[in-house]
Amino acid sequence: MVLSKTASESDVSVHSTFASRYVRAALPRFRMPENSIPKEAAYQIINDELMLDGNPRLNLASFVTTWMEPECDKLIMAAINKNYVDMDEYPVTTELQNRCVNMIAHLFNAPLGESEAAVGVGTVGSSEAIMLAGLAFKRKWQNKRKAEGKPYDKPNIVTGANVQVCWEKFARYFEVELKEVKLRDSYYVMDPEQAVELVDENTICVAAILGSTLNGEFEDVKLLNDLLEKKNKQTGWDTPIHVDAASGGFIAPFLYPDLEWDFRLPLVKSINVSGHKYGLVYAGIGWVIWRSKEDLPDELIFHINYLGADQPTFTLNFSKGSSQVIAQYYQLIRLGYEGYRNIMENCQENAMVLKRGLESTGKFNIISKDNGVPLVAFSLKDRSRHDEFEVSDYLRRFGWIVPAYTMPPDAQHITVLRVVIREDFSRTLAERLVLDIEKVLHELDALPSKLLMPPAINGMKEDGTVIKKGALEVQRSVTDAWKKFVMAKKTNGVC
């Protein structure tokens, strides 16, 4: 006789999670469960589901740092329970943030004395930094208009259509009109001349991008400054410039030290940079630096004392972790100017390796520039058979996450793939990616061409009548056609 024993529902003595009841039950998705489960089971189940995420190191869509040294990881974990806002309780952490602000301000050539404190703040990323800088511009413009007895209810900001979405958020959230310079073929950044033409007496600032998200290109901040100076003299206005250096702020000082884009230009009043991009820190840290105290209105700074002492604060959020601030300071003193320069040079060289490899296939046009953020943006020369979105989708089969996207107006007919080269992307990986892209192209070439699809899929009946189909319907039609093609090729053999 076989003896069996049924474990009770409350039995927590089973050592193996996979032998317990917890792997048989579906995880809650909408409501908190009534009962607790062992910590080992909770860890195992969540960890297993997370395996379905992509590999961060192979996520070539992201500019965000995905690797740091183990010593820095230890510092991060040691400070994981510190709330940065408790400045009185954690004065050393506050001091480290101030040191980072000073170092970054000097890196951006702020007009400071050797021991003069810079004006700036750490944020959770460049989005918050841009919100704060934008608020400072708006308030300063409003104060001036009020003093002159002029209307101050219709502020606007001038940007290129290539700006990151956080600029659109700022404009919508804080009721500022966004005046965008449209892009055009072969020119995928803001044109300084067109930008200055859009400036009027209600413009709170012109935002220039040092490292476009779309193709990594640096906008010409020097030309923008010169043109805007002329217009300010002609009109009597004092329209300033903000530089969104989220991606390029930790690149230009090391690769292009003679490039004038920062506080060396008199109209540049504030700069933001992402510490979690080429500042080489994990996600969750950004910085905004002002040229001087006069560029940050006092009424935007709050003072609190209910945490133990008077504390000035200028942030959109309140609580945040201390780990990323500490990690940024670690990188600044660990790497120094020499280390950052070496890393950026490596990134740039590996970008060129990837670019040359893609060019050697004869299949792609390179959209990105050699100078700028180390990335490669490229598009198919021949899109008659397949497009960039299919290449992106097929690359996921090899583990690579390479985004495909269309350009903003008026270049929305251009579709590109983009590979961001980060610190942990080696030459070996670059060469491997090229090989996998060639495999993908070979696989796609073996599939039926989009031009050979049935007439109805192409939006036309057999009698020549045009059918207006939605994008989703077309996609489903193409998918069905591919399924039929694959099924027709299938055999009973094992593959």
Side-chain angles (χ1 to χ4, degrees), residues 39 42-43 46-47 50 53 56 62-107 115 117-133 135 166 246 249-250 271-290 296 300-336 339-340 422-424:
K39 59 182 183 295
Y43 170 82
I46 295 173
N47 184 67
L50 286 172
D53 269 346
S62 178
F63 292 82
V64 176
T65 297
T66 54
W67 180 87
M68 295 188 76
E69 293 175 326
E71 291 76 10
C72 192
D73 289 344
K74 292 178 184 178
L75 288 173
I76 289 173
M77 293 309 300
I80 200 74
N81 58 351
K82 287 184 180 180
N83 186 357
Y84 173 76
V85 78
D86 295 337
M87 299 179 185
D88 196 48
E89 287 77 4
Y90 308 122
V92 175
T93 301
T94 302
E95 169 63 18
L96 296 187
Q97 186 220 226
N98 295 338
R99 293 177 189 176
C100 289
V101 168
N102 290 331
M103 291 180 184
I104 295 170
H106 280 284
L107 191 65
S115 58
V119 181
V121 66
T123 62
V124 294
S126 274
S127 291
E128 183 188 5
I130 285 168
M131 302 288 175
L132 297 178
L135 284 171
C166 60
F250 277 108
I271 300 172
N272 70 275
V273 65
S274 291
H276 59 221
K277 292 182 180 176
Y278 288 94
L280 307 180
V281 179
Y282 293 137
I285 186 68
W287 304 93
V288 56
I289 311 295
W290 284 272
L296 177 57
L300 293 179
I301 302 174
F302 291 83
H303 293 265
I304 60 172
N305 62 8
Y306 48 80
L307 292 176
D310 179 70
Q311 299 174 7
T313 175
F314 180 40
T315 57
L316 293 182
N317 66 312
F318 193 64
S319 295
K320 70 174 181 179
S322 296
S323 296
Q324 267 65 15
V325 172
I326 295 169
Q328 184 72 83
Y329 186 65
Y330 171 91
Q331 293 289 53
L332 291 173
I333 67 168
R334 159 77 175 97
L335 296 172
Y340 270 95
R422 299 190 302 271
E423 173 189 14
D424 54 350

Heavy atoms of T93 and V325 approach each other most closely as O-CG1, 4.2 Å
Stepwise, does the side chain to side chain contact (heavy atoms under 4.5 Å, CB included) test hold for V121 with V288? CA-CA 6 Å; V121 66; V288 56; 3.4 Å; yes
Taking all atoms of both residues into account, what is the closest heavy-atom pair of L107 and G249, and its distance? CD2-O, 4.4 Å
Say you draw a straight line from CD of Q97 to CG of N102; how long is it, rounded to the nearest 0.5 Å? 10.0 Å
Nearest non-hydrogen partners of N83 and S322, listed with the distance: C-OG, 3.8 Å
Distance-minimising heavy-atom pair for N81 and Y90: O-OH, 4.3 Å
Atom OH in Y282, atom CG in D73: separation rounded to 0.5 Å? 4.0 Å
Short side-chain to backbone donor-acceptor contact, H276 and V64, under 3.5 Å: no
Rounded to the nearest 0.5 Å, the CD1 atom of I271 sits from the CD1 atom of I289 at a distance of 8.5 Å
So Y340 and F250, would you call those rings parallel, tilted or perpendicular, with 30° and 60° as cut-offs? parallel
Check whether Q328 reaches the backbone of G279 with its side chain - one donor and one acceptor, N or O, closer than 3.5 Å. yes
T94 side chain near Y84 side chain, heavy-atom distance below 4.5 Å: yes
Looking only at heavy atoms, the pair that brings T66 and P56 closest together is CG2-O, 3.5 Å
Just by modelled atom types, is the L316 backbone N or O under 3.5 Å from a matching donor or acceptor in the E128 side chain? yes
Could you tell me the separation between the CG atom of L75 and the CZ atom of R334, rounded to the nearest 0.5 Å? 12.0 Å
Heavy atoms, side chains only, cut-off 4.5 Å: are F318 and K320 in contact? no
I need the W287 CH2 to N272 CG distance, nearest 0.5 Å. 13.0 Å
Does R422 use its side chain to pair, donor to acceptor, with the backbone of S62 at less than 3.5 Å? yes
State the OH-CE distance between Y330 and M68, to the nearest 0.5 angstrom. 7.5 Å
Can a donor-acceptor pair be found, under 3.5 Å and without considering hydrogens, that links the side chain of T123 to the backbone of G125? yes
Quick check: closest heavy atoms across S126 and A246, and the distance to 0.1 Å? OG-CB, 3.4 Å
